[in-house]
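Have a look at the structure below before the remarks.
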Amino acid sequence: MKNINFLAFAMPAFFLFLFLEYKLAKRKKRPEIFNYESSVSNISIGIAERLINLFIAASFYQLYYLIYDNYRLFDIPANIFVWFALILATDFVWYWYHRLGHEVNFFWAAHIVHHHSEEFNFTAAARITTFQAVIRTGFWCVLPFVGFHPTMVITMLIVHGAYSFFTHTQLIGSIKWLEYVFVTPAVHGVHHASDEKYLDKNYGDMFTFWDRLFGTFQEEEEKPKYGLTHPLKSYSFLWQHFHYYFEIYELWKRSKGFKARWKAVFGSPAHMDQDIRPTLEKRFLQDKENPHQRLKFRNYLYIQLGVCTLFLTVFTYYFDYLNGFDKAFVLAFILITLINCGALLEQRKWIYYLEYARLFMITTYFLYEENLTAFFFVPLAIMIFAEQLFSLSKRYQNVVLQLEVSE
């Protein structure tokens with residue numbers, strides 16, 4: 001893919017704008033805009049989406065070309081009027097993809113991750129999963145099917161994504177006159193709210209007239225409360241990605257008959273049994289003795305996120321030049337590190353063994369690169385010996401898992 005290298009600069013650009021937003025929030029004395037745990041969680045999910053999409057984005061574009069070359073309905077030329085029509089068409093498709101993402105359980109399972117965050121800033125814009133990317137790609141296939149050239153579609157999707165990034169901030173207030181046409185941060189903030197009057201409103205991504213046309217527009221009145229109506233009680237990287245699929249499966253098991261089970265998968269999230277999530281949380285999550293405690297040694301998390309960002313940037317730039325083994329190593333290393341970050345926020349003691357797994361993976365990779373895989377047992381033996389001799393697990397937990405009282 002020719003545009004992959006260009007995407008390497010997406011992560012540095014994201015952190016640049018995030019830094020500027022953070023500094024401006026401090027200058028305006030609005031520290032509540034950022035929350036440490038939530039921001040780390042948001043960034044982790046964003047890194048994972050960028051990483052996995054490297055492996056499947058080419059398939060998206062190939063699908064667009066396949067549909068355009070073989071099944072397009074019209075031959076639409078490329079001129080300024082067509083570009084304008086494509087902007088409208090892209091946002092129209094987005095509106096219905098987005099709306100169905102809130103009204104159908106199966107689609108909501110992929111989209112709900114974007115709404116977990118109880119803060120509304122640029123980090124929340126990063127909360128996109130690969131599941132969501134796959135689903136919306138299916139919706140956008142209608143554009144090359146109609147006859148828009150894939151190159152135009154891809155370009156417009158990049159513009160579309162860039163615009164929506166900047167609507168995730170609280171530092172820009174309501175601009176009433178602009179909101180008659182364009183989605184502003186205040187308009188999109190309403191969409192992220194859990195207040196009853198704001199629920200299921202403002203699905204448009206660039207323009208507000210689709211919402212006005214279909215009766216789903218709501219301007220900001222009272223200050224929104226961001227997040228879900230029933231907040232998730234975990235920052236676990238894995239749980240945030242998969243919890244709603246477990247909820248659907250649990251509802252499916254409880255349902256009797258084909259119609260009820262069909263509704264469990266394709267029915268409305270509003271009809272989800274509200275006792276399911278607490279039941280699953282008791283089953284799969286640990287109960288914290290003190291919910292007002294947080295990780296004290298936060299620099300370790302910053303280092304890991306920094307390493308993941310650096311790896312992802314370089315990996316993206318050289319993606320086309322790496323072999324399959326190199327790609328598999330980077331994929332596994334970053335994903336394990338992101339799982340580690342979530343486990344740290346949850347103060348899970350088993351992350352110590354995850355650290356060992358990561359070290360073993362790194363040493364095995366370098367031994368493979370040097371054609372010394374026959375000696376893979378050497379670093380394993382060293383780790384076992386060091387653990388027995390120095391009781392590293394206790395030292396690790398005493399240092400890394402220190403807690404402090406949160407505000």
Side-chain angles (χ1 to χ4, degrees), residues 7 9-28 30-53 110-130 132-133 161-172 183-194 205 223-228 231-232 234-241 294-295 298-313 334-335 337-342 344-346 406-407:
L7 294 176
F9 300 98
M11 289 301 295
F14 165 77
F15 280 102
L16 173 62
F17 286 115
L18 178 59
F19 174 77
L20 294 174
E21 184 188 32
Y22 177 74
K23 286 296 184 181
L24 187 57
K26 289 187 66 176
R27 176 174 291 185
K28 290 189 173 186
R30 302 210 37 204
E32 77 281 358
I33 290 178
F34 285 88
N35 171 273
Y36 167 74
E37 288 88 353
S38 185
S39 292
V40 169
S41 176
N42 295 348
I43 293 170
S44 296
I45 290 172
I47 290 173
E49 187 268 340
R50 288 290 88 203
L51 171 67
I52 297 175
N53 273 10
H111 186 58
I112 191 175
V113 182
H114 186 62
H115 286 269
H116 285 154
S117 178
E118 295 180 28
E119 60 178 354
F120 186 65
N121 53 40
F122 286 157
T123 69
R127 292 190 70 95
I128 306 294
T129 68
T130 298
Q132 183 175 341
Y163 182 90
S164 65
F165 171 80
F166 291 104
T167 61
H168 291 78
T169 183
Q170 297 181 56
L171 296 179
I172 299 175
V183 172
T184 66
V187 169
H188 195 60
V190 166
H191 176 72
H192 275 259
S194 59
D205 207 41
K223 178 178 172 55
K225 179 183 178 183
Y226 302 109
L228 302 175
L232 207 63
S234 174
Y235 291 110
S236 166
F237 177 81
L238 292 175
W239 186 248
Q240 290 186 84
H241 275 80
R294 64 159 47 151
L295 192 68
R298 295 192 287 274
N299 285 340
Y300 185 50
L301 268 176
Y302 293 140
I303 292 170
Q304 294 196 78
L305 285 179
V307 169
C308 284
T309 302
L310 178 61
F311 264 55
L312 178 58
T313 302
I334 293 180
L335 289 180
T337 302
L338 295 177
I339 293 171
N340 184 286
C341 289
L344 277 170
L345 289 175
E346 296 282 295
S406 63
E407 297 178 0

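This one's a predicted model, so the numbers in the text were calculated from it and none came from an experiment.
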Side chain to side chain contact (heavy atoms under 4.5 Å, CB included) assessment of Leu232 paired with Trp239: CA-CA 9 Å; Leu232 207 63; Trp239 186 248; 4.0 Å; yes
Any pair with a residue in residues 13-28 that passes side chain to side chain donor-acceptor pair (under 3.5 Å), sequence neighbours left out, goes on the list, sorted by first then second residue, please. Glu21-Thr169
If I take atom [atom1] from residue [X] and atom [atom2] from residue [Y], how far apart are they, to the nearest 0.5 angstrom?
| X | Y | atom1 | atom2 | value |
| --- | --- | --- | --- | --- |
| Tyr226 | Ile33 | OH | CD1 | 8.5 Å |
| Leu335 | Leu51 | CG | CG | 5.5 Å |
| Ile339 | Leu238 | CD1 | CG | 4.0 Å |
| His188 | Ser164 | NE2 | OG | 7.0 Å |
| Arg50 | Thr313 | CZ | OG1 | 11.5 Å |
| Ile47 | Leu312 | CD1 | CG | 7.0 Å |

In terms of heavy-atom contacts, Ala126 and Asn42 come closest through CB-O, 3.9 Å
Which heavy atom of Leu345 sits nearest to which heavy atom of Ser41, and what is that distance?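 Closest pair (atom of Leu345, atom of Ser41, distance): CD1-N, 4.5 Å.
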So, do [X] and [Y] sit near enough that their side-chain heavy atoms are less than 4.5 Å apart?
| X | Y | result |
| --- | --- | --- |
| Val183 | Asp205 | no |
| Leu171 | Phe122 | no |
| Pro224 | His192 | no |
| Leu344 | Tyr300 | yes |
| Ile43 | Phe14 | yes |

Decide if the gap between the ring center of His168 and the ring center of His114 is smaller than 6.0 angstrom. yes
N/O donor-acceptor pairs under 3.5 Å from side chains in residues 301-310, not counting sequence neighbours:
unit_1, atom_1, unit_2, atom_2, d
Gln304, OE1, Arg358, NH1, 2.7
Gln304, OE1, Arg358, NH2, 3.1
Gln304, NE2, Asn340, OD1, 3.0
Thr309, OG1, Leu305, O, 2.8

Stepwise side chain to side chain contact (heavy atoms under 4.5 Å, CB included) check, Thr184 with Ile172: CA-CA 8 Å; Thr184 66; Ile172 299 175; over 6 Å; no
Qualifying residues under side-chain contact (heavy atoms from CB on, under 4.5 Å), relative to Ala13, sequence neighbours excluded: none
Of all residues at least two apart in sequence or in a different chain, which pass the side-chain contact (heavy atoms from CB on, under 4.5 Å) check with Ala110? Phe131, Gln132, Ile135, Tyr245
Holding to ring pair (Phe, Tyr, Trp, His ring centres under 6.0 Å), I want the full list of residues that pass it with His116, two or more places apart in sequence or in another chain. His243
Phe237: ring pair (Phe, Tyr, Trp, His ring centres under 6.0 Å) partners, not counting sequence neighbours: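 Applying ring pair (Phe, Tyr, Trp, His ring centres under 6.0 Å) to Phe237 gives His241.
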Please determine whether side chain to side chain contact (heavy atoms under 4.5 Å, CB included) holds for the pair Glu346 and Ser234, giving the CA-CA distance in whole Å, both sets of side-chain angles, and the decisive distance to 0.1 Å. CA-CA 7 Å; Glu346 296 282 295; Ser234 174; 3.4 Å; yes
So, does Gln170 use its side chain to make a donor-acceptor pair with the main chain of Phe120 at under 3.5 Å? yes
May I ask you to decide if Arg127's main-chain N or O and Glu49's side chain share a donor-acceptor pair within less than 3.5 Å? no
What orientation do His191 and His115 show, parallel under 30°, tilted 30 to 60°, or perpendicular over 60°?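 The arrangement is perpendicular - the two ring planes meet at more than 60°.
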Using distance alone, with no hydrogens and no angle criterion, decide if Ser38 and Glu118 have a side-chain donor and acceptor under 3.5 Å apart. no
